Number of protein chains: 2
Amino acid sequence: MHVADAPHLRVLRLLRDEGPVSRAELGDRLELTRPRLLAEVERLVAAGLIAEAGMAASRGGRRSTLVELDPRLRFAAVDLGASSIDIEVTNGRLEPVATYREAADIRSGPRTILHRVNELLHKARTDGAYDRLDAVGIGVPGPVSFRDGVPVSPPIMPGWDRYPVRELLAREHGCPAVVDNDVNIMAIGERHGGVAHSVDDFLFVKIGTGIGCGIHLGGTVYRGVDGCAGDIGHIQVDANGPVCSCGNTGCLEALFSGSALARDAVAAARSGESPALAERLAAALSVAENQGDDEQSEPPVTVTARDVAEGAAEGDVTCIRLIREGGRRVGGVLATLVSFANPSMIVIGGGLAQLGHVLLAEIRSVVYRRSLPLATGNLPVVLSELGSRAGVTGAAVLASDTAFEQAS
Amino acid sequence: MHVADAPHLRVLRLLRDEGPVSRAELGDRLELTRPRLLAEVERLVAAGLIAEAGMAASRGGRRSTLVELDPRLRFAAVDLGASSIDIEVTNGRLEPVATYREAADIRSGPRTILHRVNELLHKARTDGAYDRLDAVGIGVPGPVSFRDGVPVSPPIMPGWDRYPVRELLAREHGCPAVVDNDVNIMAIGERHGGVAHSVDDFLFVKIGTGIGCGIHLGGTVYRGVDGCAGDIGHIQVDANGPVCSCGNTGCLEALFSGSALARDAVAAARSGESPALAERLAAALSVAENQGDDEQSEPPVTVTARDVAEGAAEGDVTCIRLIREGGRRVGGVLATLVSFANPSMIVIGGGLAQLGHVLLAEIRSVVYRRSLPLATGNLPVVLSELGSRAGVTGAAVLASDTAFEQAS
């Protein structure tokens, strides 16, 4: 049974999501009596969370004072990918005041990666982005115990199992911290500022290096009993399919994901089946040869999802086929999840969302054909609006929620 | 964000689930101050919901008065199946005081079926089961808009789409009514009085004439945006499979369900592949011939899931193979749902649960092999305890919750 959140949370979230509001309007919107509202506002001003911001335009009677989130509020939002660190420092309204993005291999382990995260955050302070942080939110590419603030048996994060990520970040920055799965924070981000704005029940499907699903039910993220709900990349879709990095056979992400698509694209380029990919592979090889082999640590020369997207846009039939086959695989799994969960929207994000219309059209076709008509009668299947910013946006939302909750 | 339910709901549910309790213990258990508790008790006595029940044993100081649900409370619980009506009239503790069960074809339409339900309930009053009903709960074999109290596009219930079931029952019996999907009420029943007692996140999989799934997440039934969450019977599991009653090809329930199993069992009996089934089919034919053909409306002579279960118990290899193949199909779908929803238990119920250990063993084997290790580390897959009573038990729980909520 859901009951309305505490008044201070409702005040703070409204100011975060809508900006400065007059006291009079705040009372009306939140249905708080005037004395109750005044007490809340006074308490939140004293706590350094909100501030007065001049007078509002008259509504006929006495002019009312505007209130806003304290302009000094700062949240750190961190999105760790398999091969990247994304950081935003935001103000109270979650607008970025500093942004950092760099390559990093999650397999370097938690000490190396979190050390670099801390360096970047301290650099942000030196750069003048903040004096002190009010909360840190971080997403990691694996299952997380949300309650304990630690990764749990993450398949692609050696050394991170039960590493005290939340505790270390909180200690380093002297503020609350919160840890979640990368796909969950993307879903939260898309609901805050993207295509799923105000949608209560939706699935956010990330198709990137791997595949995962953020599950938003009844207005909140559903994380499952062990924190691994939505881990759909290792659903077996073809018993005779290729062996997956997890050791099983025919997993969804062994058939269609960033790495699976690159594998298939290289094969199609080498065999000459795809002229568009063959041309791109040749160009990449020639660039690599001109650079010499000094950079031994660079990834092997290859063609990627971007090349497949470009080839498809040029009409290369093999590129179109690769995307369609992938869409059919993903669509088959989503049809099952739609029959099961009956959501009101599916959002497709992650690196392979760049495959665009061809991918979406195939996913839609399979989902609509195979799910219950009742469940698909009004089911938009759409691309993420925030793209690569979905993760940091969601991490900032989580950070602010955590700071606001601790203000009670 | 979850906040504790209102005090009156907590008092009433505790008395329903645990029986008479002293005022002192009630205050302790619900962490209510003495004045608050006294006020609630007084109000609920005045509303005719609870009553005093003598003195409790001394706890050292003054003896405390026992309170219990009013002994006159009565709930009607109705479970409509594809081919049956099950009714229980219960007291406040949900113990049956009258039970009715008869065959009925849901396709006769809502007027005929609800007329019969009302007749049986009026008969219960004549039989002395109640003076007045406090609420009616009913489950129907199809998707339901829980909010509106009507079936929505139910595939096997012609004439029931948007039929005002809740409104008509409430008017007929002069009390609140509540309508839900049959699998949801089974899940609720199993959580109240069965194997899922106090489990917050579990899936109840009904394998009967059709296949469906009740989804219990975070302590409450998840119904989806259109009320059709859990409708997993029409997930396509084999693109080359048989045509389903829904018109699609290779749906789960076209491959394994009561009717699919009977179809396969008759084929195995006729071809002589299964001696156990051939023997049973011959016996059924001889009974039918001795009876003559006066009863033209009887179902055609056949062998059923029960025959397959018996054959398997005798070691008939075809019967065992049929059950294993079905278990493999169901297990494949459940592996996907486990990766997605990360529940803490799976309960198997419905008519085909009688296939017992062979079915469970196969489902377990597939789920454990194909889902994430983290999600299956501690995932019991167990049979329903309540069997055919799961539905009426859940309907009684829903009825009582509805009556209690309206007492605020």
Side-chain angles (χ1 to χ4, degrees), chain A residues 1-6 9 143 152-155 199-203 213 215 217-220 222-237 239 246 248 251-252 332-333 335-345 366 369-379 405, chain B residues 1-6 9 143 152-155 200-203 213 215 217-220 222-237 239 246 248 250-252 332-333 335-345 366 369-379 405:
Chain A
M1 188 146 303
H2 283 74
V3 179
D5 288 324
L9 275 180
V152 181
S153 311
V199 177
D200 280 346
D201 300 80
F202 71 98
L203 306 182
C213 181
I215 308 171
L217 298 183
T220 181
Y222 176 75
R223 297 185 172 86
V225 170
D226 304 293
C228 62
D231 212 332
I232 64 171
H234 300 282
I235 290 173
Q236 189 185 55
V237 294
C246 74
N248 280 334
C251 296
L252 177 59
V333 169
T336 294
L337 302 185
V338 165
S339 293
F340 178 72
N342 185 203
S344 60
M345 178 183 278
V366 177
R369 196 168 64 234
R370 288 219 212 144
S371 311
L372 275 193
L374 178 58
T376 56
N378 180 22
L379 178 71
E405 276 160 20
Chain B
M1 188 146 302
H2 283 74
V3 179
D5 287 325
L9 275 180
V152 181
S153 311
D200 280 345
D201 299 79
F202 71 98
L203 307 182
C213 181
I215 307 171
L217 299 183
T220 180
Y222 177 74
R223 297 185 172 86
V225 171
D226 304 293
C228 62
D231 212 333
I232 64 172
H234 300 284
I235 289 173
Q236 189 184 54
V237 294
C246 73
N248 281 335
C251 295
L252 177 60
V333 169
T336 294
L337 302 185
V338 165
S339 293
F340 178 73
N342 185 204
S344 61
M345 178 183 278
V366 177
R369 196 168 65 235
R370 288 219 213 145
S371 310
L372 274 194
L374 178 57
T376 57
N378 180 23
L379 178 71
E405 276 161 18

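Order of the sequence lines fixes the chain letters, A, B, ..., with proteins taken first and strands second; residue numbering starts at 1 for each chain. What you see is a predicted model, and the numbers here were worked out from it, not measured in a lab. Hydrogens, waters and symmetry mates are skipped; everything else that's a heavy atom, side chains included, is used.
- For B:Leu203, the part lying near chain A is the side chain, with the backbone staying farther off; criterion is any non-hydrogen pair under 4.5 Å.
- Interface summary for chain A: among B:Cys228, B:Cys213, B:Pro143, the most heavy-atom pairs under 4.5 angstrom belong to B:Cys228.
- Of the listed residues (A:Cys251, A:Gly224, A:Ala335), the greatest number of heavy-atom pairs within a distance under 4.5 Å of chain B belongs to A:Gly224.
- Residue with the most contacts toward chain B among A:Leu217, A:Asn248, A:Asp201: A:Leu217 (heavy-atom pairs, distance under 4.5 Å).
- Rounding to the nearest 0.5 Å places CG of B:Asp231 at 9.0 Å from CG of A:Asn342.
- Interface residue B:Val152: backbone and side-chain heavy atoms are both found under 4.5 Å from chain A.
- No side-chain heavy atom of A:Thr336 sits under 4.5 Å from any side-chain heavy atom of B:Val237.
- Interface check for chain B: of the options A:Val338, A:Asp226, A:Leu337, the most heavy-atom pairs under 4.5 Å are formed by A:Asp226.
- Looking at A:Phe202 and B:Val225, their side chains never come closer than 4.5 Å, going by heavy atoms from C-beta outward.
- Here B:Ile215 is the residue among B:Val333, B:Ile215, B:Leu379 with the most heavy-atom pairs under 4.5 Å with chain A.
- Both the backbone and the side chain of B:Phe340 come within contact range of chain A, judged by heavy atoms closer than 4.5 Å.
- We find the NE2-CZ distance between B:His234 and A:Arg370 to be 15.0 Å, quoted to the nearest 0.5 Å.
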